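Step one of this worksheet: look at the structure below.
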Amino acid sequence: MEKPITRRDFMRTTAGFTFGAAIGLKIKPREKAEVVLIRDKNALDANSKTDENIIQQMLDNAVMTLTGENDPIKAFGRLIQPDDIVGIKSNVWFYMPTPSAIERAVERRVLDVGVKKEHVSIDDRGVRGNPVFKKASAIINMRPLRTHYWSGIGGCIKNLIMFAPSPSRYHPDSCADLALVWELPLAKDKIRLNILSALTPQFQGRGPHHYDRRYVWPYKGIIAGKDPVAVDSVGLELIKAKRKQHFGREIKFETIPKHIRMADVKYNLGTSDLNQIKLIKLGWQEDILI
């Protein structure tokens with residue numbers, strides 16, 4: 001059981017920091033986690049059908065921004081090497097699966113980098129038995145953004161739960177310990193990029209398998225970053241903003257999405273403090289909400 005942090009521990013830590021500053025030691029500040037939010041008003045048509053060319057451009061621009069490259073293949077080359085074995089972790093929930101246009105856009109760039117076709121696989125519920133995922137050296141993690149009965153919201157942290165032999169083990173206490181899944185051998189230190197599809201997010205719902213078309217809206221966005229906690233924190237902020245806009249006030253979540261904060265403060269998986277996240281907004285800005 002993890003030992004709680006006492007006031008004495010806190011004072012000792014802060015005293016050490018003050019002493020280091022006093023004698024002139026250089027204390028390196030924590031770098032902000034970068035998250036890209038990119039939108040395009042033409043990403044979906046009136047029937048919510050995706051435009052694959054625009055989706056590819058959105059993904060490319062997001063990854064180029066994150067890596068500092070001005071060429072999409074070079075940008076992906078900063079994340080994936082030609083000799084990598086790459087699992088693309090998707091999500092197949094019937095009502096709101098990961099859009100196939102995003103899956104294809106990611107796979108296309110992985111192949112463009114030079115990864116062999118037989119070394120790339122897109123999967124969700126079968127990852128534990130998938131030969132590519134079992135040997136994977138790199139994983140790209142992507143899913144749609146939505147509210148979730150067990151964890152408050154379904155995001156990138158939650159998306160790795162299928163790597164667990166018994167996913168239900170992580171359901172207690174609002175899935176507070178989901179970050180532990182990221183320590184499993186199939187996933188540990190392999191995630192190169194996290195992508196939340198915010199093309200048509202769902203911001204409200206009730207019940208284990210809720211889906212309500214009234215609470216799905218064409219936001220036409222993609223949220224991407226290397227830090228899954230930062231990506232989910234931005235996604236959560238978007239959901240909260242939409243709920244407030246729709247209902248005219250803040251609405252309490254049926255399940256508090258505490259796992260995002262816990263992934264930061266308890267498990268050090270990433271950054272949940274919005275003040276420590278550099279949100280880079282690209283493209284269409286109308287009704288961006290955050």
Side-chain angles (χ1 to χ4, degrees), residues 1-6 9 33 87 89-98 123-130 133-134 139 141-191 194-197 201-212 215 223 225 227-240 243 250-274:
M1 184 175 181
E2 187 173 277
K3 181 182 177 182
I5 298 174
T6 66
D9 294 330
K89 175 60 177 70
S90 191
N91 194 285
V92 297
W93 190 55
F94 176 79
Y95 298 105
M96 190 182 291
T98 303
D123 204 345
D124 176 17
R125 295 175 182 173
V127 291
R128 285 180 49 77
N130 186 307
F133 276 83
K134 289 168 74 172
I139 294 171
N141 179 32
M142 59 187 188
R143 64 158 299 149
L145 173 64
R146 66 179 179 91
T147 49
H148 197 284
Y149 179 71
W150 299 112
S151 57
I153 72 162
C156 289
I157 301 171
K158 175 74 167 61
N159 202 42
L160 293 198
I161 199 168
M162 296 311 300
F163 285 93
S166 179
S168 61
R169 174 189 169 194
Y170 301 91
H171 288 165
D173 193 20
S174 306
C175 299
D177 297 318
L178 271 174
L180 286 173
V181 176
W182 288 66
E183 292 295 317
L184 295 173
L186 282 176
K188 184 176 175 61
D189 298 327
K190 296 180 181 181
I191 315 302
N194 297 279
I195 301 168
L196 276 181
S197 170
Q202 178 168 305
F203 63 91
Q204 168 72 345
R206 294 179 178 176
H209 301 290
H210 68 259
Y211 177 77
D212 194 324
Y215 303 129
I223 303 169
D227 180 334
V229 183
V231 170
D232 280 4
S233 296
V234 171
L236 174 59
E237 193 69 9
L238 175 60
I239 293 294
K240 289 165 61 177
R243 289 157 71 92
E250 291 187 3
I251 298 293
K252 183 179 178 180
F253 282 83
E254 293 292 314
T255 303
I256 304 300
K258 65 172 68 176
H259 70 279
I260 299 174
R261 180 67 174 158
M262 294 289 281
D264 177 357
V265 301
K266 185 175 181 180
Y267 295 109
N268 298 310
L269 181 61
T271 301
S272 63
D273 182 354
L274 293 172

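A quick note: this is a predicted structure, and the numbers were derived from the prediction, not measured.
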Requested in this report: With the side chain counted from C-beta on, respond yes when Tyr215 and Thr147 share a heavy-atom pair under 4.5 Å apart, and no when they do not.
Outcome: no

Report task. Kindly determine whether His210 and Glu254 satisfy side chain to side chain donor-acceptor pair (under 3.5 Å), including the steps that lead there. Result -> CA-CA 12 Å; His210 68 259; Glu254 293 292 314; over 6 Å; no

Query raised in the report: Would you say Arg243's side chain and Lys252's backbone share a donor-acceptor pair under 3.5 angstrom?
Result: yes

Query raised in the report: Checking side-chain contact (heavy atoms from CB on, under 4.5 Å) for the pair Ile139/Val127: CA distance, chi angles, key distance, verdict?
Result: CA-CA 11 Å; Ile139 294 171; Val127 291; over 6 Å; no

Query raised in the report: For His148 and Arg146, which heavy atoms make the closest approach, and how far apart are they?
Result: CD2-NH2, 3.4 Å

Query raised in the report: With a 4.0 Å cut-off, would you call Asp232 and Lys158 a salt bridge?
Result: no

Query raised in the report: Is it true that a side-chain atom of Asn159 and a backbone atom of Met142 form a donor plus acceptor pair closer than 3.5 Å?
Result: yes

Requested in this report: Taking Arg128 for its side chain and Phe163 for its backbone only, find out whether a donor-acceptor pair lies under 3.5 Å.
Outcome: yes

Query raised in the report: Would a 4.5 Å heavy-atom cut-off, applied to side chains only, mark Tyr267 and Asp177 as touching?
Result: yes

Requested in this report: Mark yes or no for whether Thr255, through its side chain, and Tyr149, through its backbone, hold a donor-acceptor pair below 3.5 Å.
Outcome: yes

Query raised in the report: Side chains of Pro144 and Trp93: does their closest heavy-atom pair fall under 4.5 Å?
Result: no

Query raised in the report: Taking His259 for the side chain and Ile157 for the main chain, is one N or O donor matched with an acceptor at less than 3.5 Å?
Result: no

Requested in this report: Using modelled atom types only, decide if a donor and an acceptor are shared between the side chain of Asp227 and the backbone of Thr271 within a distance under 3.5 Å.
Outcome: yes

Query raised in the report: Taking the inter-plane angle between the rings of His171 and Trp150 on a 0 to 90° scale, is it parallel (under 30°), tilted (30 to 60°) or perpendicular (over 60°)?
Result: parallel

**Report entry** Ser272 backbone acceptor or donor facing Asp264 side chain under 3.5 Å
**Finding:** yes

Requested in this report: Answer yes or no: is there a donor N or O on one side and an acceptor on the other, between the side chain of Glu183 and the main chain of Pro185, under 3.5 Å?
Outcome: no

Query raised in the report: Are side-chain heavy atoms of Leu160 and Leu184 found at a separation under 4.5 Å?
Result: no

Query raised in the report: Between Tyr211 and Phe94, does a side-chain contact (heavy atoms from CB on, under 4.5 Å) hold up when you go through it step by step?
Result: CA-CA 10 Å; Tyr211 177 77; Phe94 176 79; over 6 Å; no

Report task. Identify the residue among Val92, Val181, Asp123, Asp124 that makes a side chain to side chain contact (heavy atoms under 4.5 Å, CB included) with Met162. Result -> Asp124

**Report entry** Side-chain touch Ile191/Pro228, heavy atoms, less than 4.5 angstrom
**Finding:** no

Query raised in the report: Within a radius of less than 6.0 Å around CZ of Arg169, do more than 12 heavy atoms belonging to other residues, nucleotides or ligands occur?
Result: no

